[in-house]
> 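First, the structure itself, so that you have it in front of you.
Everything numeric here is computed off the predicted structure, so don't read it as measured data. Just follow the structure's listing: the first ligand is 1, and inside any ligand the first atom is 1.
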Amino acid sequence: VRWDAVVVGAGPAGASFATRLARAGFAVCLVDRARFPRDKACGEFLSPGATPLLDELGVTGAIDAAGARRLDRVRIVADGRPPLELTFPAGDAPAWGYALSRRCLDAILVDAAREAGARVVEETRVGGIRRDAEGRVTGVVGRDPGDEPVALAARLVVGAGGRNDPVARALGLQRRDARRRYDLLAHWTRDSTWPLGPVAPPSGCELHLGTTGYVAAAPVEGGARNLNCVVSQAELRAEPSPDEVYERTLAARPGLGRWTSDARRESGVTASDVTPLLARRATADGALLLGDAALFLDPFTGQGVYLALRSAALAAPVAASALAATTANRPFVDRASLSDYETARRAEFRAKRRVSRAVQTILYRPALARRVLDALDRDLALRDALAAATADVAPAERVWRAGYLARLVGRLAA
Ligand SMILES: Cc1cc2nc3c(=O)[nH]c(=O)nc-3n(C[C@H](O)[C@H](O)[C@H](O)COP(=O)(O)OP(=O)(O)OC[C@H]3O[C@@H](n4cnc5c(N)ncnc54)[C@H](O)[C@@H]3O)c2cc1C
């Protein structure tokens, strides 16, 4: 059997792409090494721009029913100044984003793909791709749950396996930043037998800046809290275990007490590589890349789930037209027929990448970060534009343009 599309990876990018393509009438096979529900290291706050995309997929009812929180602000906490509150402005999208565990969210998205008619194959690890004599990608190979070899043939192979996507790797397309960063993450739950903490439970998400990294905190369903910190490779190596680095990093930020004083750590600390990466291109003859496989930004401004869902929304109609144009003589999708996807994602994500890089530069220079926060505090227009761009409800060009940057520099100099 040859599928119209084999999608490797059933995270938000792969599952939402599979849903869209299956709804358009194509035969789609969605393969993942995991069995859902499964955990995935993530700060678990989705920027507001993700909400309409989830709505298009028809999953917001299930997300609400799972107890997702709706957050409308981010509080940025830095030593030596009051917290800066970025309230999401109402644009075309709702002015709030969901916070929900990936265990729940991803399972909901996989169910939607299955309901749309995609065949979901779990516990099957893809190890590589197959190519024809001309180098076109014609399928994938892997191992089934019994460790038996499997081969899946397709007109189009979609790499949506995240940062270590086997399709992107086989095509040699990914480039990683030299400066390695790691994220240490754990969930915290409120113990109902404990007395209430000194402060009301938090309602937005928070970013606590430090000298070398930051801590992100978000409330998720069921009263649980997600606290994760980004640290350098040197910091990670300075202690015998990630747990100790995590505890020390949290303890150094007293403002986090309102998240932890009435809660206990539920799980061990998960360490993930969060070094930014970019694919030179996201298309090849017979293949395309989605989500983290093609672009991973620092989680601080990353909005990675939004980018994953959005890349799938951009790619699905292009893939559908390319597949519809295949013939018995030319049964594969060539790279040229996917060029509209390449162009659209470059145009849309270029400014986001630049904003993310600029924010990182500021983030790891505490004195500069404080001055930028002061400038944003004094200028509502600057602050609102930044909130809209990071919420993904306005194009990142709103802050990545001469006028905005000149005004910010003027405020810094004032
Ligand atoms: C620590 C951390 C914190 C983050 N915080 C946030 C946040 O708060 N908000 C946000 O929006 N984003 C955040 N992100 C980014 C976000 O997690 C990703 O951008 C998002 O998960 C990308 O979705 P995806 O579908 O491309 O890939 P993934 O979600 O990684 O899904 C990939 C899937 O592919 C499967 N897979 C991988 N390899 C294979 C293989 N060989 N064979 C078969 N299946 C395979 C995996 O099992 C997985 O299910 C964070 C990321 C990290 C690491």
> Taking Y98 for the side chain and A50 for the main chain, is one N or O donor matched with an acceptor at less than 3.5 Å?
no
> With a cut-off of 4.0 Å, which atoms of ligand 1 are near a heavy atom of D183?
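Answer for ligand 1: 1 (C).
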> Go through T390 and Q303 one step at a time and tell me if the side-chain hydrogen bond (donor to acceptor under 3.5 Å, both in side chains) criterion holds.
CA-CA 8 Å; T390 53; Q303 305 108 25; 5.1 Å; no
> Have a look at A218, A34, A13 and point out the one with the heavy atom closest to atom 25 (O) of ligand 1.
A13
> Would you call E134 and R335 a salt bridge, taking side-chain N to carboxylate O under 4.0 Å as the test?
no
> Parallel, tilted or perpendicular for F88 and F45, by the 30°/60° rule?
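Aromatic pair F88/F45 classed parallel.
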> Applying a 4.0 Å heavy-atom criterion (strictly less than), which segment of A160 is in contact with ligand 1: side chain, backbone, both, or neither?
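It is the backbone that touches ligand 1; the side chain stays farther off.
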> Checking contacts here: is it the side chain or the backbone of A308 that comes within 4.0 Å of ligand 1, counting heavy atoms only? Could be both or neither.
side chain
> What I want to check is whether the side chains of D334 and S337 have a donor and an acceptor closer together than 3.5 Å.
yes
> Looking at G162, which atoms of ligand 1 are within less than 4.0 Å of one of its heavy atoms?
27 (O), 30 (O), 32 (C)
> Hey, is R181 close enough to D298 for a salt bridge, meaning N to O under 4.0 Å?
no
> Under 4.0 Å from any heavy atom of F45, which atoms of ligand 1 are there?
7 (C), 8 (O), 9 (N), 10 (C), 11 (O)
> Any side-chain donor-acceptor pair under 3.5 Å between D273 and T275?
yes
> Considering only heavy atoms, does T124 approach ligand 1 within less than 4.0 Å through its side chain, its backbone, both, or neither?
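For T124, only backbone atoms sit under 4.0 Å from ligand 1.
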> Against heavy atoms of Q303, which atoms of ligand 1 measure under 4.0 Å?
11 (O)
> Would you mind running through ligand 1 and noting each atom that sits below 4.0 Å from a heavy atom of G304?
10 (C), 11 (O), 12 (N), 15 (C), 19 (O)
> Would you check whether N164 reaches within less than 4.0 Å of ligand 1, judged by its heavy atoms?
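Heavy atoms of N164 never come under 4.0 Å of ligand 1.
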> Considering only heavy atoms, which of D32, V167, V110, D392 lies nearest to atom 35 (C) of ligand 1?
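Answer by nearest heavy atom: D32.
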> Give the atoms of ligand 1, by number and element, whose distance to some non-hydrogen atom of E44 is under 4.0 Å.
7 (C), 8 (O)
> Donor-acceptor pair, distance only, cut-off 3.5 Å: does the side chain of R125 make one with the backbone of G142?
no
> Could you tell me which atoms of ligand 1, counted from 1 in the order shown, lie closer than 4.0 angstrom to a heavy atom of V126?
40 (C), 41 (N), 42 (N), 43 (C)
> Hey, is ligand 1 close enough to P166 that some N/O pair sits below 3.5 Å?
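N/O-N/O distance below 3.5 Å does not exist for this pair.
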> What I'd like to find out is whether the side chain of V359 reaches to under 4.5 Å of the side chain of S356, using heavy atoms alone.
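A side-chain contact is absent here, since even the closest heavy-atom pair is not under 4.5 Å.
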> Using a strict 4.0 Å cut-off to heavy atoms of R38, name the atoms of ligand 1 that fall inside it.
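The atoms of ligand 1 under 4.0 Å from a heavy atom of R38 are 48 (C), 49 (O).
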> Testing K40, R35, R38 for salt bridge (Lys or Arg N to Asp or Glu O under 4.0 Å) with D106, which one passes?
R38
